[in-house]
Novice: 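Please find one structure pasted underneath; my questions will follow.
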Amino acid sequence: GRLLVVPMDGSHWFTMQTVVEKLLHKGHEVVVVVPEVSWQLTKPLNFVVKTYAVSHTQEDLNREFKIFIDAQWKSQQEGGILPLLDSPAKGFFELLFSHCRSLFNDKKLVEYLKQTSFDAVFLDPFDVCGLTVAKYFSLPSVVFSRGIFCHYLEDAAQCPSPPSYIPRMLLKFTDTMTFKERTRNLLAYMGERAFCHKFFKSAADIASEVLQTPVTMTDLFSPVSIWLLRTDFVLEFPRPVMPNVIYIGGINCHQGKPLSKEFEAYVNASGEHGIVVFSLGSMVSEIPEKKAMEIAEALGRIPQTVLWRYTGTRPSNLAKNTILVKWLPQNDLLGHPKTRAFITHSGSHGIYEGICNGVPMVMMPLFGDQMDNAKRMETRGAGVTLNVLEMTADDLENALKTVINNKSYKENIMRLSSLHKDRPIEPLDLAVFWVEYVMRHKGAPHLRPAAHDLTWYQYHSLDVIGFLLAIVLTVVFIVFKCCAYGCRKCFGGKGRVKKSHKSKTH
Amino acid sequence: GRLLVFPMDGSHWLSMLGVIQQLQQKGHEVVVIAPEASIHIKEGSFYTLRKFPVPFQKENVTATLVELGRTAFNQDSFLLRVVKIYMKVKRDSSMLLAGCSHLLHNAEFMASLEESHFDALLTDPFLPCGSIVAQYLTVPTVYFLNKLPCSLDSEATQCPVPLSYVPKSLSFNSDRMNFLQRVKNVLLAVSENFMCRVVYSPYGSLATEILQKEVTVQDLLSPASIWLMRSDFVKDYPRPIMPNMVFIGGINCLQKKPLSQEFEAYVNASGEHGIVVFSLGSMVSEIPEKKAMEIAEALGRIPQTVLWRYTGTRPSNLAKNTILVKWLPQNDLLGHPKTRAFITHSGSHGIYEGICNGVPMVMMPLFGDQMDNAKRMETRGAGVTLNVLEMTADDLENALKTVINNKSYKENIMRLSSLHKDRPIEPLDLAVFWVEYVMRHKGAPHLRPAAHDLTWYQYHSLDVIGFLLAIVLTVVFIVFKCCAYGCRKCFGGKGRVKKSHKSKTH
């Protein structure tokens, strides 16, 4: 079949690419639509790539992202998704949302896409454009994402999530909450419903413009046939799901390859203490100097060799046991038996590589779902979370020594690892299956719940409850009146006497 | 590993057999326990059968089944039927309860089970006797079921069931309901506990006695690690599910065997018109004579050869094209390309065999979930439902001619068949995987939602909503009072004048 892919830039693309490659390998025709300015998408690929011109440059993209990242080193937001509305992230998101206008301005590309009859769209909903494309060409769609922002999974998949035990995104709550936490959770949920549309305003505006009819984010999300979510219930707390929501967490863990000579040498030289792998992900290139020095100091105090992926300026106090590298084969290193701990920003890819390979983690979440990932690993006793803004060298040293020397961390992560890897089918195969399924059957309408056709009060049966209450009240009222009437008849004499007596006294 | 199996007698057991056979082939030791008065559960080569004595005979069980078949054809008024069914359920369930009690008080038998140190228990929770055994032996449990009455399953899994689009059992509603149907759905939900209390609450008391702690039916059912549900979303309407529910509908459609010579001859002799397969399941042995004659008459009017599985008296008006057999290889016959239609009581096994093989159905539901199954197939345009009490020979004839000659029925069932069979993993493998999973990991606590630890008002956040409402009301009250006070201050002179003026007039 023919598949249209609308991806998202950055590490999101890494795992999506493996699915696309496998689909290509299975003989499908794949067309990927990407902006001409990006970090990862413009790298040479072995399938058809259609680029479209955008109104900004690579520098604009880098600058906006740097504003966002730098802000994370100054202060971190608390309290769910709402502070995102007016944060340094806004500029970056506006840039992403604007891609869609650029795509549809490319008339030649749109014409080409229209002429090529695709069976389905495979998309990352992060920049919303994939959803707009699916709706514009009326194609069934498969979503590929870590999670869905705001309440759009609840709305568009009709997936119930009681705020009493399902923590909202970015709140750092677990599934067991105190009364106070539950209150904040409910408020955050209500806040999302009230304000999220503002965050996505320009995305929805662009979509409305393209589709020439006013649409909301829920309208864009709701036709999705299959939701592939890059998580599972080893990381995520168990919650209600819908039949068309498929969990493919750990899709990025491959069998480790043997290390290159360079890294093999580092590992072998580490002796009995082994190594610690340290990476804050591909998005963070520079750490403020003072923070970097503190980190370097802490790393110098542990007996392990530390392999630190860092592209910024070398901290002056870097100890002998710490090796700075521009890039490291993270999954392969984590799979090495000499690896004792993993210092990570707890992005979902890193977390799953840690789980797959059973390496206890010290987590320094920076933004987005990283806070939630860290919280989840912490509650399961598989890692320690540090606040990257407040932590001192001592904190980091203690955290590292704890996860390395306290055996419970290793035991817990090994248990999670064995649970995670024990599955009836590999996540990559599952993802490929469902994309092909949607292509074969032109969507999956039989998995679409009838709830989509109900209003909110119908969904909660409020109209029925009101109707039944009205009946009960009417019956009670009538019965009461009848009884009262009956009583008056029976004890009529007395009553009348009393009444007349009373009226006389007036 | 060592697996204990406590099955339900009847057709439930037949689909469990395949799973047990696979597990034995994978090297597990399987022990099946069953009452001495079992009908279908017999010795098998791939498991050890251990029977326990019960205070009733096989004949008693057979008698209740014969009676069950008979009640289905009873031409009583609705109210009388309800009363009769109620009395029957009460009688039968107290017999089965006595069997359970006999087992649990059989100290010798229970001790021998305890000594065997099983890794897991596979049971059908339709009667929660296995659940008590599981708690007594403290082994993790896997449930293998079609559906539990009265939403016991959704309560025990904490699965949300919006009454607005998830039809209640026996409501004859589809997932798209009008207002009155939704009212009916809510009323059924409110009233269903009545029937269930008769059957289920005695198990709570029995468990309380055996386990020597206060146990409700909920407490018995909710610790189950995995729920293997014998349905899927081709048959059922999409609705919320929980991560520990695994859908294995169609597990009974195993590989087809070639037909025996006898049946091959029947099929070949049918000519271009092909055959119709007719079975009301293993539970119905006799149909009232008048009804049987009507059916026989209708069957005589179609050009197809009818193979009728019937153990009762031969109707005197049986036509030449109708062949009565004591037993038929249902799945193999349905798989034959000459099969044109399937007359079924729409038990879940028959329905799935019809779906697998893509045979349009004429459905005569008799009791239990059969009504629901028939409704589901009917809404999908894959069959016609007849009311077995009211139908005439003409109705049956018309229904048969419709599903055979109107191509849409064949097309719809073929579409359902292709959707049903398009799955990433076979249901049998999935069932075997999850049983082994529970044996390996001693349960699946990470799939247990935190909702189990909440009270109903906490689950629905009613306490939080109340608290927030109280705050809002307090604030409104204070603001109002302040405003009132402010107003009085500002327009103090006027106010006081007015007031004093007023007070004077009094």
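Computed from heavy atoms alone, side chains included, the values below leave out hydrogens, waters and symmetry copies. Everything numeric here is computed off the predicted structure, so don't read it as measured data. Each chain gets a letter, A, B and so on, in the order the sequences are listed, and its residues count up from 1.
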Novice: In terms of heavy-atom pairs under 4.5 Å, which option from R182(B), M177(B), R448(B), R423(B) contacts chain A the most?
Specialist: R182(B)

Novice: Do you know the tightest heavy-atom contact between P240(B) and M242(A)?
Specialist: CA-SD, 3.5 Å

Novice: Which region of T174(A), side chain (C-beta onward) or backbone (N, CA, C, O), has a non-hydrogen atom less than 4.5 Å from a non-hydrogen atom of chain B, or is it both or neither?
Specialist: neither

Novice: Using non-hydrogen atoms and a 4.5 Å limit, figure out which bit of L419(A) sits close to chain B: side chain, backbone, both or neither.
Specialist: both

Novice: Check H446(A) against F233(B) and note the closest heavy-atom contact, atom names and distance.
Specialist: CD2-O, 3.4 Å

Novice: Against chain A, work out which of R415(B), Q458(B), R380(B), Q158(B) has the most heavy-atom pairs shorter than 4.5 Å and name it.
Specialist: Q458(B)

Novice: Where does P160(A) contact chain B at under 4.5 Å (heavy atoms): side chain, backbone, both or neither?
Specialist: side chain

Novice: Can you see which heavy atom on R182(A) is nearest to which on S461(B), and at what distance?
Specialist: NH1-CA, 4.5 Å

Novice: Specify the closest pair of heavy atoms between Y165(A) and M242(B), including all atoms of both residues, with the distance to one decimal.
Specialist: OH-CE, 3.8 Å

Novice: Which bit of D453(A) is near chain B, if near means a heavy-atom gap under 4.5 Å: side chain, backbone, both or neither?
Specialist: side chain

Novice: Considering heavy atoms only, which positions within residues 436-444 of chain A lie below 4.5 Å of chain B?
Specialist: Y437(A), R440(A), H441(A)

Novice: What are the two closest heavy atoms between A450(B) and D175(A), and how far apart are they?
Specialist: CB-O, 3.3 Å

Novice: Need one label for F237(A): side chain, backbone, both or neither, based on atoms under 4.5 Å from any heavy atom in chain B.
Specialist: neither

Novice: Can you tell me which portion of R239(A) sits under 4.5 Å from chain B's heavy atoms? Options are side chain, backbone, both or neither.
Specialist: backbone

Novice: Specify which of L186(A), L447(A), I425(A), D422(A) makes the most heavy-atom pairs with chain B at under 4.5 Å.
Specialist: D422(A)

Novice: P449(A), P424(A), P240(A), A451(A): which one forms the most heavy-atom pairs within less than 4.5 Å of chain B?
Specialist: P424(A)

Novice: Mind checking disulfide bond (SG atoms under 2.5 Å apart) for C356(B) and listing every partner two or more places apart, or none if nothing turns up?
Specialist: C253(B)

Novice: At a 4.5 Å cut-off on heavy atoms, which part of V186(B) comes close to chain A: side chain, backbone, both, or neither?
Specialist: side chain

Novice: Please flag which part of L468(A) lies under 4.5 Å from any non-hydrogen atom of chain B: side chain, backbone, both or neither.
Specialist: side chain

Novice: Where do Y165(B) and L454(A) come nearest, in terms of heavy atoms and distance?
Specialist: CB-CD1, 4.0 Å

